[in-house]
Structures are given as structure tokens and as C-alpha cells.
Amino acid sequence: MHTDNWYLKQCLMWPGKIYGVQWEQWTLGLDTLHLITEALCYERIRFDFRVDRSVGHGEDDEAMVAVIDGNQLRLTSFRRSIIPAPMCSYTLTLPIRERINAVGFIRSPGRWASMGVDLSRNAFFTVDSTNTITFYDVTFKGQQEENGQTCSDLMETKHLLSLRANREFIDEEVLDSLIHWLWVNPNHVVLCCNNTFGVLDLTRPKETKKQYFKWIEDEGTEPFAENEIIACIEALGSHSVLIELSSGRLMRVEGLTVGQPGVESLSIKLHSTLPEFCEQLFIDQQRSPANVYAFSQTRRNLYRNGTLLASEVTSVFLSEEYLLFTTIDELKFVLLGDKQEAKIVVERRLERESKLVTVVPKASRIIFQLPQGNLEAISPRVLPLCLIAKHLEALEYHDAFDIMRKERINLNLLVDHDAERFLAHLDTHFLAQITNVSWLNLFITDLTNQDVCRTMYESNYPGRQQLAECLPSSSGYTVEGKVQFICEQLLGAMDSDPTVLTLPKITCHVKQGQLEKALSLIWLLERDNPKSKQAEEALRYLQSLVEVNVLYDTALGMYDVDLAQYVDTKSKKDAKKHSLFLNKLKRLDEYERKYRIDSHLARYDRVLVNISRRDADEGRLQEVLELIDTHSLYTIGIECYRKGSNEQFLLKIYERYANHLRKGGKHIEASLMYERIGDIQHAISSARHALDWRRVLRLSARSRDPEAVRPVLRSLVPALVKAGEHDAAATIAHEQLKDIRLAVDCLLKGPRYERALLMVVSGGTEVSDLYETIREHLRQYLSSFISKIAADREQLLYQKRRLQAIRANPEKRALPAAVGGVEKKDSSSNDRTGKSKRLSTKCRKRQRLNPKEDNPTDAAASIDALHALVLRVCCVDMQHNVRSICQVAMELHFEAEAQTIQRDYGALFDLISCSLDAIWTPLPGQLAHPPEPNHRCKPVIQSIDWQFDILK
């Protein structure tokens, strides 16, 4: 940790003189010192950047960070305060000649039997320049003010034990090269130098200091290579250590308690091998087997069990639930515990070159150090969400609610985390713990019909979507109806006494849209205890949720004039505005009062209901009709007066409704209404406008004046012909109008030659001249049909050639596309201004289907045109039509034309069938301008037996 101040991190001493010193500076704060001593020995010492911090995961860990500065050790507890360097919470000062060279925190705290103390997570040790190791523990005590409240905490260090390693107990060469120190548990400290491993046994009585140092050679263990040295150590458990060699090999060391029952010797075995040497190790001991994360500061690579997890990493921290690491400008979270693969679940932007200092356990605070040296604390939501989940699993709703309120977490998470569990403990735990009325109101107000575990907090609940689909609720709870269901459950769990939890009950009613029930609750309080101000306070709270005018209209709509007057009086608006109107309402009878109120509130459907319940004079009935016409309340009016005795008034409503439907273009419904009131002529006219000829015939049978219906039927014939209903038009002309010539003319426009011939035959000699009319019309139709087949063949061949040319030279067809459509340049405007023209959707579709050359979407246009051609020519209806035409042609002695049609159509049918695979290749869906989605696959052709053998 650096600012503008310089810190003395280590003081290294040699017995003789030093002849030469050279620094080799690396990136990322990695420096190497080269020196030559008086004995002509070359030494190389590498210094890495590392943060000395406590590594616990519980609330007893104070997130301690230690900074070495000469003979001083600056300690800061980031759980209690954020103090930037060079300031600190507490300064530990050693004698001026004892420079601190190393500091470390205990990995597995517990009972230190020989000292008779229990070590906390914050216990640490220091190693000074005289090779004296001193053990400390940290204690906190509150500072009380006069009012008895704790305003701050003071930290103190407790000196436990000091041991000095001298040449009497440790070899001189080993003593001078001690580099790595690790306090594994209260009884053992690991010491490493080069390729030698040692354990400091602290279980001895305090008086026998000579037996503290127990050096363990590597005899009987797996030997190291000649050039391998111990470069990094980390605790793998409470009695095992993982050491990393300079070659990248990881060695598992077990048996630190050698000499005790069951432990015969120290064991060093190969654990795994890293792709490269990594300066820092992070071991997730909470999972089994433990995952090993290794961070290479030189190459900025982060590994998980030897597999590359991320690159361009600048700092790493292992928390209880996540592995946090930073890149040049981002903070990323990796969820722990995934056995298959580690995924980055959350990313967050940071100031460039920020590095992780520590994460406060069981809290949501992350401390960073910026390039300038100052500190920054952030609270990403992913961390408090983990804490909230643990509180909710333990049914600690108060603690979870407090965190969510401080961190501004959506309160829907209280329900969405586990809805069934929340509902099961709603009254016994949730309402029992959340007694603050403001908290309950805040929770109810925040409810929405969505699952926040699937949306905004999806990173903390992976796979929640599939789980919700597989496990339906047994209590009837659904996300879509969450607000309604939770509010009902809350109201059922609350005390029925209106004076208890009044405001949360009002909030539930408002959230459900039940303003009437909220006002009824307030009015009940006012009537039961008029002297109390609880009703007035509840109404004031309701006015903060709902606009005052809405409350007044709701109270008035409950037909309670006294309640409306109470709401109007307690509002901040002028009470005289409505007092005259309310006093007038009090003097009216019940139905008249309701009528006036509904009219005032524009609830015209209720106005009709109230009027229909009492006898009315002719003037009032006329007013009802005007009300129905003005607001289109025909169905409500019919329902209100259907069971009444005034049938004539009901018929008037039917008549007005029929006229209204006819003006709106709903002719079928208008015809039904006219039929209901007995107006058959208007019913026939409306059915005629709807071209419902069958209904016209049914109504015509009921008409008292058949001659008046004939003009309607005759006018219906050309309308049906224009709509393509040739058979229907012929049926009316033949059966109703008895006009065979008109019927045949309708069928020839179809063309329906077979039925036309049948009518001529059934008509007798009077219409025998129509036979020649049919024959002449057929001759002209056969000629045009042959020409149409030839034109379809030419169109097919042209589109095929065009499509082949496009596919052969796709680069010649590429044109620039504008934003949102195709860019069409105009030499008079767009070429000079350089602006692209945005085409509408209809214009883009028309241009895409443009069959002209040089169309930028000509490939799609060709495929669309061919698809339409195939469906039109090869459909089953077309095959039936060809067979019918050929049959009639042979009957009327046009064998040559029939043979030509069968031959040409058959050839075109076979040509299309053989061309489908060449037209619909796998490329249409991959074009820059693909065809319509339903045109990208070749159509399926169904063939029937449509040919005559006598024409082959």
C-alpha cells in the first residue's frame, strides 16, 4: 500500500561486505535484487507485491490488513472503518533496531494449550531483522459516551510470545535464507528456505524454549529436483500445507503433528502441476476436494486446478462464496463450488489499475487501492445477496430486511427466494419479526408480479427458470398473481382488530386496488372511536398513496355521503366545493341519490341499473334512450329492461341498437336485431349488405310481401358475382328469380360450364339457344387458357435463368444497404447531400418483390415469384379445373383444344416437378436478402389423376 510516503518493507543484513548491487525492475511491482557478497557468492532475491491480511470467513474476522513500515506495523480493521494510508487504526512499534521483515495472520485459529489462550481470527505474527518471531492477538473494546451508546472501537494488540531463532538451534546457512513463514494453527508455524521445509512446534512448555524449533529435513519424502526451490506456501487444512516449487509443481505436506499418536513421519507428496510458476495460491478449503486457484503475477494468468480461468488479471481475492479478481478496469466474480466449470457470473467496471485489498467477511464491502494510493470501498449487490439468502434460509427475516433496506435491494426477494417457505412462516416468523409498521408498508408497496430471482438477481440464482417450471406451487401461488395472493395472505395473518396494523392493512387494500375496503376500514375506526385520531392519521396516510380526488370519488361511489363528506373535510382542499352537492344528495331517496352519484361519476352503466329498478315517466325514459345512444350502452340497457313489463321500451332499445350496428358496418348483427323486433325488410337489407345470401333466403320466406323482396335478391346477384360467389349467384337467379339466362351468365363468369350445361338441359327448349352461347364462351376461354399455360411456362424459365445468373455472379448484384432498408440514390439530391433515404416497410416489401433487373433483392424476388407460381399452377384445385375443362371441351366437340391443354399443362407440371431441387438449394436462408420464411423450403406438390387417356 503506497501513497506519497515511502515505507521500509525489509531490512536484510549480511555478515560480510557487499561488492555489487543491481536492481532488475519488472512490471506489476515485481522487482529482483542481484548482489555479490564479499565471499564472491552471487545471490538473487525476488520481491513480489502481496497484501498481508486476515483470511477468515466469519463475522469474527475483522478484515485486518497489516502494512510494514520499518520497525512499525500499521494495522487497520476494515470491518469497523475505512482508513486510508498512511493513517491506520493501530500502530505496533518495535525497538528501533528491530526492523520488521515479515508479517502473517493465522490460518486456523483455536486453543493454544501451552499458552492457555484462545486465538481469534485476527491473531498475527511478525518476524524482525534479528530473526525474532513474535506472536500477537488483537482485541477490541468499545468507547462509551455519556448517553451510554458506543460511538467507536479501539483496537489493542496482546503480546503472546517471542522466540528468537539463532544459530544454536538452526543451521547458519538455513537461518540466513529463511523467507517463507506460515502460521498454520496455534501449535505449528511452517518455515521454508530454498528446498528445505521446517516446522516450529509451539506445543512445548514455555520454559523449554530450546525445544521450540524442530527442523525437519526432507529425508524419507519425495525429493526435490536439483534446481527446484520452495517459492510459495499456503495452508491446505488445519494440519496440512501446500507448497509450490519454482518449477510449478505443487507438493502436499501432511503430518505437521509428527510425534503425536497416529503421526509417525512427515509426508510430502505431489499434488498437481501448474502450467507455469505462480506467485500466489488461494485454496478453497470449504469444498471437498479443495479447489486450488493460482495467480501468476508475471503473466497475469489465473488458474483453477491447473486450468486457465482468466488472463490479464491484476489482483485476486478468495471470499466465502466467490473468487474475486480484477483486470485492468473490471471486477469479476466467479461462483465457487461448481465442480464442472467455473463461470464468471457478475462483472463490474472499475477505475483503471484498481487492485483488491480485502473483502469484509459476512458483509458487502470490498476495499480497493487505486493507482494514486487512496482507497475505495464499494458494495456490489452480489455480496449482500449471499448474506440475505443465508438469513432467509435461517428464517431471520429481520436481519435480511435490514440488509436489503440499507443496500437498496428489491424487497420482492423476501418472497421470491422461496415463496413456499415464506408463506409457511408468514405469521410465525415474518410478522413476528417485522413489527415495524414502516417496514411492512415498504415491503407491501414494493411487491410486483415478477420473480426478481429470474430477472435482476439472476446471477445469484442460476437455473431458477427451469426450477420454477418443474416445481409448481402447491398453495396456489403464481408469479403472475403474486401481489394479490401475498396481500390476501398478509390480511389473513394480521389481527382482525382494525386498530392493529392499520396502515399495513390499508397498504394491502391499495395494492390490490380495493380502495373501497381501505376507506371502509378508516370509516370503521372513525365510527367506533370518534375521539381518537387514529382514523385521521390513517386517512392522511391513504392520501399519501392515492390522489385526494380519487379518494373522494371512491367514497362517493360507495353511496356513503357521510364518508365522502369526511374525506372531503379532512383533505387539504376547499371543503365548500362539494358541501352543497353532498347536502343535496342527503335529501334524495336511495335510488335517486344513486342515480345522481353515478351520473356525477360518469358511471353510466350503473345509472341504467338504478333507473331500471324504479318506475319512470315518459320524460325519464327518453332520457334513458339518449343516455344509451350517447354512451353505446345498448347491451346493458337490454339486460336491465328485458325482464320488465315495458316491452315497447325494450323494442325501442333493440331498434336503436340495430341502427347503431348497421351504421358501424356490422350488418349480420344488425340483421339479427331487426329480426328480433320483427322488421324483416331491414333484416333482409342488412343481410344483403353482408352478402349472407342464405340468410336472405331464410328471411325472404318469412316476408309478407314477396314482391318487395325480389329487387333485393336481384341486386344481390351481381354483388355475389363480384365477390366470386358464382354458384350462390346462380342459385338465387335460378331458384328464386326463375331466371335461367341470368343463372347461366353467372356460371359462365366462374367459369362453371358443367352446371351451366345442366341448367340448359333442365330448362327445356325455351333456353336451347343458350347452348351455342356456352359453346362460344368455351371456345374463347380455351384459347385464353392455352395462352395462359404458355405464359406460365415462359415465366418459369425466365425466373430460373435469372436465379442461375444471380447465383453465378453474386458480387455483381451487391448494392449498399441503408439503415432500416435499401438505399436508393437519387442523382438530383442524395448524391449531392450524401444522405440515405429510409424506406417504409411497405416500400421495402414492394422493392423486394420487384421482378426488374438490378434489384438488390432480386434473388429473393425470384424465389418468391417461383414459389407463388408453383403453388398456383400445381395445386389440387388447378388439376381438378383442368380435368373439368377438358371434359366439357370434349362434350362440346373441342377435342383438339382439350388435347392441347392436357399436353401443355402436363409438360408444365413435369417441368416444375423436375426444377424444384435446382431452385430451392440450401442457400436461400443464407442470402443477404433472404426470401419470405415460408418460401425458403420447396413446396410440396400433390398430384391426382386428372388426365384423360383418350387425349394422350
- Query: Arg53 side chain to Val357 main-chain N or O, any donor-acceptor pair under 3.5 Å?
  - Reply: yes
- Task: State, yes or no, whether a side-chain contact exists between His188 and Asp201 at a heavy-atom distance under 4.5 Å.
- Result: yes
- Item | Test log, rule side-chain contact (heavy atoms from CB on, under 4.5 Å), inputs Leu309 and Leu323 | CA-CA 11 Å; Leu309 178 60; Leu323 175 73; 3.9 Å; yes
- Trp112 side-chain N/O to Leu202 backbone N/O, donor-acceptor pair under 3.5 Å: yes
- Query: Does the side chain of His391 come under 3.5 Å of the side chain of Glu396 through a donor N or O and an acceptor N or O?
  - Reply: yes
- Task: Quick one: do Leu270 and Met251 satisfy side-chain contact (heavy atoms from CB on, under 4.5 Å)? Show the steps, please.
- Result: CA-CA 5 Å; Leu270 179 64; Met251 311 299 292; 3.8 Å; yes
- Message: Against Ile233, only a single residue in Leu182, Leu281, Leu242, Val184 fulfils side-chain contact (heavy atoms from CB on, under 4.5 Å); can you say which?
- Response: Leu182
- Message: Within the 3.5 Å criterion, strictly below it, is a donor on Glu228 or Ser247 matched to an acceptor on the partner's side chain?
- Response: yes
- Message: Could you check whether any side-chain N or O of Asn71 sits under 3.5 Å from a backbone N or O of Thr93, counting only pairs where one atom can act as donor and the other as acceptor?
- Response: no
- Under a 4.5 Å cut-off applied to non-hydrogen side-chain atoms, are Thr76 and Arg74 in contact? no
- Query: Atom CG in Leu318, atom CD in Gln280: separation rounded to 0.5 Å?
  - Reply: 12.0 Å
- Over all heavy atoms of both residues, which pair between Ile82 and Pro84 is shortest? Give the atoms and the distance, please. O-CD, 3.8 Å
- Message: If we count only N and O atoms by modelled type, under 3.5 Å, do the side chains of Asn185 and Ser108 hold a donor and an acceptor together?
- Response: no
- Relative to each other, are the rings of Phe124 and Tyr136 parallel, tilted or perpendicular (30° and 60° limits)? parallel
- Query: Backbone N or O of Ile83 within a donor-acceptor pair of the Ser81 side chain at under 3.5 Å?
  - Reply: no
- Item | Backbone N/O of Pro361 and side chain of Arg79: donor-acceptor pair under 3.5 Å | yes
- Query: Okay, side chain of Asp128, backbone of Arg99: is any donor-acceptor separation there less than 3.5 Å?
  - Reply: no
- Query: Side chains of Lys355 and Val51: does their closest heavy-atom pair fall under 4.5 Å?
  - Reply: no
- Task: Describe, in one word, how the ring planes of Phe125 and Trp181 are oriented to each other, choosing from parallel (under 30°), tilted (30 to 60°) and perpendicular (over 60°).
- Result: tilted
- Note on the structure: Here the pair of heavy atoms bringing Asp48 nearest to Gln297 is CB-OE1, 3.9 Å
- Query: Counting N and O atoms only, with roles assigned by atom type, does the side chain of Ser272 sit under 3.5 Å from a partner on the main chain of Leu250, one being a donor and the other an acceptor?
  - Reply: no
- Query: When you check the side-chain N and O atoms of Glu62 and Ser77, is any donor under 3.5 Å from an acceptor?
  - Reply: yes
- Query: Taking C-beta and beyond as the side chain, do Phe277 and Thr298 meet within less than 4.5 Å on heavy atoms?
  - Reply: no
- Could you grab the distance from atom CD1 of Ile388 to atom CG of Asp402, nearest 0.5 Å is fine? 10.0 Å
- Message: Testing the 3.5 Å rule here: is there a donor-acceptor pair between the side chains of Glu276 and Asn301?
- Response: yes
- So, for Leu92 and Thr157, which heavy atoms are closest and what is the spacing to 0.1 Å? CD1-OG1, 3.9 Å
- For Ala294 and Leu274 the tightest heavy-atom approach is CB-CD1, 3.6 Å
- Message: I'd like to know whether Cys278 forms a side-chain contact (heavy atoms from CB on, under 4.5 Å) with Cys232, so could you lay out the CA-CA distance, the side-chain angles of the two residues, the decisive distance to 0.1 Å, and finally the verdict.
- Response: CA-CA 8 Å; Cys278 298; Cys232 183; over 6 Å; no
- Query: Got a second to check how far Phe78's CZ is from Ile367's CD1, nearest 0.5 Å?
  - Reply: 6.0 Å
- Message: Does any part of the side chain of Phe47, heavy atoms only, come nearer than 4.5 Å to the side chain of Leu33, both counted from C-beta?
- Response: yes
- Is Arg252 reaching over with its side chain to a backbone N or O of Ser240, donor-acceptor style, under 3.5 angstrom? no
- So, do Arg44 and Thr32 sit near enough that their side-chain heavy atoms are less than 4.5 Å apart? yes
- Item | Under-4.0 Å salt bridge between Glu234 and Arg107 | yes
- Got Arg304 and Val334 here, is their nearest side-chain heavy-atom distance under 4.5 Å? no
- Message: Using every non-hydrogen atom in the two residues, find where Pro380 and Pro384 come nearest and quote the distance to one decimal.
- Response: O-CD, 2.8 Å
- Item | Side chain Ser246, main chain Ala231, donor-acceptor under 3.5 Å | no
- Message: So, taking the atom named CD1 in Ile243 and the one named CD1 in Ile230, what distance separates them when rounded to the nearest 0.5 Å?
- Response: 4.0 Å
- List the steps and the verdict of side-chain contact (heavy atoms from CB on, under 4.5 Å) for Glu407 and Ser364. CA-CA 9 Å; Glu407 300 293 341; Ser364 59; 2.8 Å; yes
- Query: Looking at CZ of Arg349 and OG1 of Thr327, how far apart are the two atoms once the value is rounded to the nearest 0.5 Å?
  - Reply: 8.0 Å
- Message: Is the shortest side-chain heavy-atom distance between Cys11 and Asn101 below 4.5 Å?
- Response: yes
- Task: Tell me, please, which residues at least two apart from Glu320 pass salt bridge (charged side-chain N to carboxylate O under 4.0 Å, His left out).
- Result: Lys362, Lys390
- Start with the C-alpha gap between Glu279 and Arg300, add the side-chain angles, then the distance that decides, and say whether salt bridge (Lys or Arg N to Asp or Glu O under 4.0 Å) holds. CA-CA 10 Å; Glu279 290 80 4; Arg300 296 185 176 183; over 6 Å; no
- Task: Please check if the side chain of Arg381 supplies one atom and the backbone of Arg408 the other of a donor-acceptor pair under 3.5 Å.
- Result: yes
- Identify the two heavy atoms, one from Tyr293 and one from Leu336, that lie closest to each other, and give their separation to 0.1 Å. OH-CD2, 3.3 Å
- Item | Interatomic distance, Gln285 atom CD to Asn291 atom CG [nearest 0.5 angstrom] | 11.5 Å
